[in-house]
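All values reported here derive from a predicted model rather than from experimental measurement. The figures here come from the full heavy-atom set of this structure, side chains too, leaving out hydrogens, waters and symmetry mates. Lettering follows sequence order; numbering is per chain, from 1.
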Amino acid sequence: MRHVLLIFSAIIGSQAVLNTGLQLKIDELFDTPGHTNNWAVLVCTSKFWFNYRHVSNVLALYHSIKRLGVPDSNIIMMLAEDVPCNSRNPRPGTVYAARAGANLYGSDVEVDYRGEEVTVENFIRILTGRHHPATPRSKRLLTDHQSNVLIYLTGHGGDSFMKFQDSEELTNVDLAYAVQTMFEDNRYHEMLVIADSCRSASMYEWIDSPNVLSLSSSLTHEESYSYDVDTDIGVYVIDRYTHYTVNFLNKEVKALNSSANMQDYIDSCPARKCLSNTGVRKDHYPKDVKRVRVTDFFGSSRIFQHLSEEIVLDDEFWA
Amino acid sequence: MALEIAKDGGLARPKILERILRLRKIALVLAYIGAYFCSQYLFDPVNMEVTRISEHSLMPGLVTPKFDKSGIAIQLYRRLTALPKSKSQQEFVMDVFSEFGLQCFTQKWRSTIAGYPKRGENVYGFVRGQRNDGAEAQLIVVQLGHSESARRMITRMLSFVDYAKDQVYWARDFVFVFVDGGHGPDSIEQAAFALDAFLFKYQKIESLTSKTRRNATVVADEIQTQTGALIAGVVYDLSGISVKGQHIINIQTNGLNGQQVNLDVFNGIVKIADSKHHSKVAIFGTLHRHTNSYMEYSPFTVPIKALMTQAFVSIEGIHSVMGKYGVQGLTVGLSHDYTERQSVQFVEEVSRMLNNVLERLHQSYFMYVLADDMHFLSIGFYLLPTFILICPLLISAYYEWLKVDSNSEIPLAVIGIHLGGYAIYLTTQWIFTNIGEVFAFSTEFPFVGPDGCNGQFGGSMDIVIIYLAVTMLPLGLYMFSIHPLRPTSIPIMRIFILLEVSITILCLSLINFGLGVFTAAIVVPITFLMTFESPEKTRSLYRSLVLALLHPITIITVLAWQTPGYSTTFIPKKEFDTWTGVPIMFIRNMIKNDTAFGSWHFYLITIIGWPVWNMIFSCSLPYNLAVDRVAAKDREEREAREAGESGEEATTPEDPHPPTSVPTAKPTTSNVSKRNKRKNH
Amino acid sequence: MRELIGSLLVLVSFSYGLIEHFDEKVTLAPVRNNELRVDFRFNSDRRFDSRTEVNDFLTFPRIIQELLNRYAVHKLTVTMAHGRWNLDEWGLPPQPSAPAGAQVFAEFEAVGEEDADERMKFLVEALNGVLCTSISHIKVVTAPDFVVLENHKNRKRNLFKRYGVLSGETTCTENLTRLRKLLACKENGLSTLLHPSKLYNSLYHSSHLVIEQHREKNQCEAKMEVGVTVVMRNPSQKGQRPWSFADVFDRKLGSQCKIARSSQIDIIGPSGEITTTDVRNLTAISGAAPIDVSIPIAAIAQKQSVVKAWSSQGGFEQQHGMLTVHITNDDSASKIQVTQIIPYYVHLRYSRIHWKCDKGGNPSIEKVLKNSKGLEAPTLLQYKMSLSAGQTCELIIPFDKHLLRLEQYPPDANHGMHIPASSVFVEKSQFSYSIHSNAILVLLPVPDFSMPFNVICFVATAFALVFGPIQLYSTLWLAPVVKKSQWGRKVHRAILLVIIVFCLYAHMMDINLNEVRRGIETYFEKLNELK
Amino acid sequence: MVESKEVQTNRKDEGDSSSFNLLLPVSAAVAVRAASFAYSDYFEERVEFTSTVYSFERVKDGIAMLDDGLDPFETKNMHFLPLTLYVVRYLLKTSPVLLASLWILLDISTAWIAAQTAQKVWDSVHGRDDRNIGKLVFSLYAYNPIAIISTGILSLTVVQNFVFAAIFFFLVSDRPAACALLIGAWSSFTIFPFILISCLAFRSNGSIFKFLSLVSLSIFSAATFFALNFLLNGNSLNFVEPTYTSILKFTSIQPNVGLYWYFFVQIFEHFRSFYTNSFVILYFFMPIPITIMIRRDPVLHFTIIGLLVSIFFPYPTLNQVSFVLAILPLLEEYKKHFRYTLLIGGTIITTIALMPVMWHMWMVSSSGNANFFFGATIVYNVALINLVMDMIFVYSRRQIDLEYSDTLTKKTKMDFAFY
């Protein structure tokens, strides 16, 4: 599996070499990214059928970043409720983010944590990488000091906490500690934390680790709102913030070499659309967001060095 | 460090208690005024909470109903109307279910109560969700019947069955029960009994306990097959009306013994009616300011009706027995003028709502008083008036406590009277169950009849009459006037009565608030005044006689007469006009509901109401007691002292001995001498 | 071309004494009007010499081989099912029969019970990885004595058995995807018919994975069976014309699996006759010219009679309950072995468990009750008995519902918790099979979840009230005081008053602690700016 | 210790304290108990009258397992010692009627012993007076509805109360050895009663050695019972974990009228062991200061310790305190100092009345949550605790009265404080 990946990336890389002069000019507008691989942790924290929209949030984002080249093996997806095969679903096995949209739950979806496995403990374990030895590889976040990590949380939140499964809470302090641990273990190069919930700005309040850029769907005293309702199913199908995020990714970021920068992304959901002011926290992010490609986080450009030594795939790899 | 814990060696009472005790004489008045204004504030819809709808019962408001088989409904209606005499409605329903290819069974049931001889046959069918594991189900109940509206409802429900069986999104199975209420005037009640029989078997109650349930009042067929736990149940009929083209849906929420349906279910249905069908909702058969904006309504009409219904109506509708089996039940009377399509779509939406509810409905929305379809008062607030009302009793009890001295003991009469009440209860229940409401007896005397053969003497009696005769006569008045209690143990007796009454009211208002608050409003003043110490004889005699008239049944009757506007909703006209009608009807219903449905009224009135009523005589009769006078004197001088001294408590000299320890011999003698004096005058 | 490569590989592998086969088969049988039953079976086996252990895999999935070797698994059965199998209408369920939810039966080697438990934990986690399931919290019972599943019938000594059922577990597209990944032909052949949107829009859906490995001396034989069974309504409600693949899977069969030893399509007619089409014999099959079949709509004439079992629940309150397993025999005598797993959150009323049989009274019954070690380990109840023809027996199991610790409840505790379905293994004279009843949902008594801390505060206060005074009164000494100063108490009261007033204010203004904290922080920041 | 000696000398003269006629009350008590058997199935599942270690239904489960040749202690929640199981099994096999009558006999004899002992104490303290304290005590126990119902459902608390009464009897009639034996035996079933051993400090004439020997005696009897269980259980110790450990570690958290269950439901897992240990230690050290403080009155001391045993036991039932409440009239001379009598009495009655209501709201109609029921039980326990506090207070208050009896006149007013 990994060899295939390497070969494939080699092809891409060779294409990247034959760039036009224009492309090179565009590159000057951006800082050269220091990362080699991209990872994403997409979490839908809320159980229950009527939280359909949170699942479709995650799935919509999942498809966008997959389209931009982040492979399944680098995406940890947590879905707290099995919405597609829920017996309440009039269209079994499918999830739609819009009334006339595409099915987000095709046969290519890989859910890593689902149902009761979506707990605060597991989430922290994923970030910090401290797992039960038996945990399979697909459930681990195997990042290194060269990975850009995207952490996306959606669900029901409150001031300085996020509800998991409607029963336990992930406080912003927990999140900050986890991120700090990741930094100390050298588990990321740059990190983008996105929280889409009510009062979500409070989630990144305590994050003080370097190279972390944090966004949120609403400020600490605000609610976030859902976008669309499907009257056949009888539930809201997507939240506003994520809706516009995915829109932005699909319209502006058509390919990996797109020139959209993070500032464009941050501006993509103004208050008149989101009905809430999106929060941004740049003070621990050294770069100028105007000079950072969106694809540094949402895509995987696979900038890679050639390996000199031979890789030995141990049994761990196959388990 | 010095932790000062005992003022005056623990003999001094805190000043606050002193102040409260001073209020005792006017406590009753204060409490009444307080309770009145408090409840007037609380029960005004303006001050009540607005019904908030939690997210999952909001769902149905968003679903577009898709039912489109009104043709089938009409066609079935024709079939049912043209049903040959040879064929029963049960068979018809069975046929239709089997045509749909669904499971359907019948259940014959028969009451074992001699006083309530009923029998019938239910039909129940299942619609199983396609992709669920069958662990949960929702119950839908329709009453069989030959009236036009009944037939319409049956056929509409059947067409909904046809529609529902093809839908893929049912997370819960359906249990459709067509209950057989007979055709009598009390068909609703009988239908409730039939549903009781069904649920009794469905929940397998009798095989739960180790020994056989002795109060199994019904013999019924076992349930053929079962799907999962019942989440909620809805009874549908067409009792709604429409005024000037404005549809008004009639919703009944009251269960047995003051249980009520979860507020979320109610809210959801109100929302459906409002948003989808532009219909208004009437509760307790009453129009209120929301349903009908043309007329002016008193804001208190609905709350009072709610309380009245909760207090005195055991079986409001067929749904009332569901609460007994842990099923959230209510009756939805769809508007009679709904089209087939509209009414079945209503059913569809309600089912979608109950289908979407994910958990057991939240427990904090069971205890409320509805003011209209969007305002309610929750338990935290409405208990307040009751608490205020029982305060005087507690104060009085504490006051009496200060009189208790060493040689006062609990009179055994207390236990005796309660046992007597229990005996009456058991015998009445036994007679009603085994012999019947009206039972005949006949005895033979040897050789006294004509030509020397055995003469016979016989007659028939109504159990209600006997019950009234037995309980109405003031046994206590007789008992305690012949053998009065020892004066020293009167305070104990008072305390006992006061505590029993207040505890009963407390427990009652926790479970059945309506009953609790009405009981409090009536019983508290009686108990308070009757246990108050009385200085002279005439007063005692007078109040004892008054008490003799204030039998619980009498009170209920008078209450019912005084409030015709409310009581006529559950008292038939015929009984209301005759003066014996109301009490007899009350007793009859109480006994019947007690044995057939397990309502608590009869139990309470016989095992607590009657004994207390009799026990109070023991306190209302005696007068001019030594203990009272001593206590009063003692209080006066203490108050005088405290008035004299400036308020600092540290230095006031005081009697370390409690007032109770004054020897009781002297006052009794003085008591005698006083009496003689009075004779001399 | 592909055949060439295939044969080359086969040649290469023969030199190692490695033989692999892959068979695929789909059976379509109308079970009832408008209802069609579809069975996919993919078998792949691998025979090799354990001395020359080779890492070449032709058709057999490597990861399965890894699983078998690492955990010394002899036989492992995993089933996932959604919906209920309708025993009355559809006849015999697919074997191994699957209860709603997930089911795991493992026979493997270990050095001891503890080691076996540990190994099972790892095995379950590995399965999560392979099948994309989330059954980590499955509670397994140790070594059932009687037979539970048909394919685990023949008992081997010195093997450790673990059995567990997880009723709440859902199965969905991602599981199917993973199962397809195990197949030799993922993108062509019959596996292309495994199309989620149709398979999950069905009355019943179950899939299973059975892997086993025998070794005599050096000859190892590893087997894998992947099965998917679906019962679906006729999507086109016409009902006249026979169904086609397009109706059933909304796609046609456009490719062949060349490397399969056999790949056939069986269609069972109304009178039970079977028409078999071998896809490999079909020439000129391609995406352009897909083949299609016509499936008769009429239901099968004679239904095969099966033993029926269903579970029902007694009682509604949260204190006591009762589980009744109803078993109805078909028209011939049969031996049955009933297995019921009782989870830890209900307490068996052992003295009240009893059987109730209608005709012929209670037959002789053997009984096994096993408790597994561990705080949350379930209890295993097993019965062995023989039923006469048409006899109906009820196993009545009263239980108390337990109050649990806060962290033992699932997130949706108010929804209740499942008691898994009981499995009935039926042994006829000539053949045997197993069926499952349905799971039941018990409402457990729940503590107050509303806010995690206020209850603890409430309880702790109560404890202060209980223990404090005892300590105080039993350790201090009472003596008369002449004059005492009240100021200490006054200050104390004042502080309390202030706190209470503040709390009330915060409650009225619904301020939460974080806002207070932020207020203070901003205030300090202002102070810093001042100087 | 002077005081206690004097008390002993008083105890020596044994008048015929069974002067009052018990025939009628006894027959009445027997009658109501026999009647209560008819209603057993209403109460045998009630949480107020049964708990995991006293419910007879659960004993039957264990017996059924024994009959099927299963090991009861392999299963969970079997909190009975092998001895209990085998004895009850034997009785059941002989005849259930015997069992019932035995239970009635035990309960009545409890009341009778209590009455006798109370009379003895009363006479020795107040000398002869007209007050027939024995009869009062007898009717307080024999007509206590809770005791009656508990007999009706064959609750094991009946046996416990009997042992309680016997200990009290031996304590009063100065037979410390028998006392120690009984205490040891009883604590080999439910460990908590062991603190009753502190009562023997009054019977050891102030000599540490005698006290210690008594303690060791009771430990010896406990050990004997343990060995008996061990042998009955086929020389396996697996009964220790479900019985003793579960009592000492509060493992069973099923609802009862006790203190701990809800606490251990709600408390975080990390703190569980801490709280367990602190509660147990606290409990076993509680008698020491109390014994030191209440030097002069064995009866009061016994009452307090008995109450503590009943309150702090993890799995109590309402019947647990019946005996102690029955002998309360013995504290006559303290009566005028009790401060919260009405409060405590009213609270206990009210909470007992409220418990079924709350239970119904929680379990049956699910219209209230667990807090309601727990609230009732905790208030009930707090009331009992307040009773204990009041006892300690009135004791010290009375001591002061005795000490300052010369200076204290009626009119002197003084406040008291704890130092």
Query - Over 12 foreign heavy atoms within 6.0 Å of OH, A/Tyr177 - result: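 No.
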Query raised in the report: Does CZ in B/Phe100 sit with more than 12 non-hydrogen atoms of other residues, nucleotides or ligands closer than 6.0 Å?
Result: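 Atom CZ in B/Phe100 is packed in, count exceeds 12.
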Query raised in the report: Can you find a heavy atom in the side chain of A/Trp49 that is under 4.5 Å from one in the side chain of B/Asn356?
Result: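 They are in contact (side-chain heavy atoms under 4.5 Å apart), so the answer is yes.
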Query raised in the report: Can you check whether B/Arg131 reaches A/Arg88 side chain to side chain, under 4.5 Å on heavy atoms?
Result: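 Answer no - side chains too far apart.
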Requested in this report: Looking only at non-hydrogen atoms, find the nearest pair between A/Gly234 and B/Val63 and report the distance.
Outcome: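 Closest heavy-atom pair between A/Gly234 and B/Val63: CA-CG2, 3.6 Å.
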Query raised in the report: At their closest point, which heavy atom of A/Asp232 faces which heavy atom of B/Thr64, and how far apart are they?
Result: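 In terms of heavy atoms, the two residues are closest at OD1-OG1, 3.4 Å.
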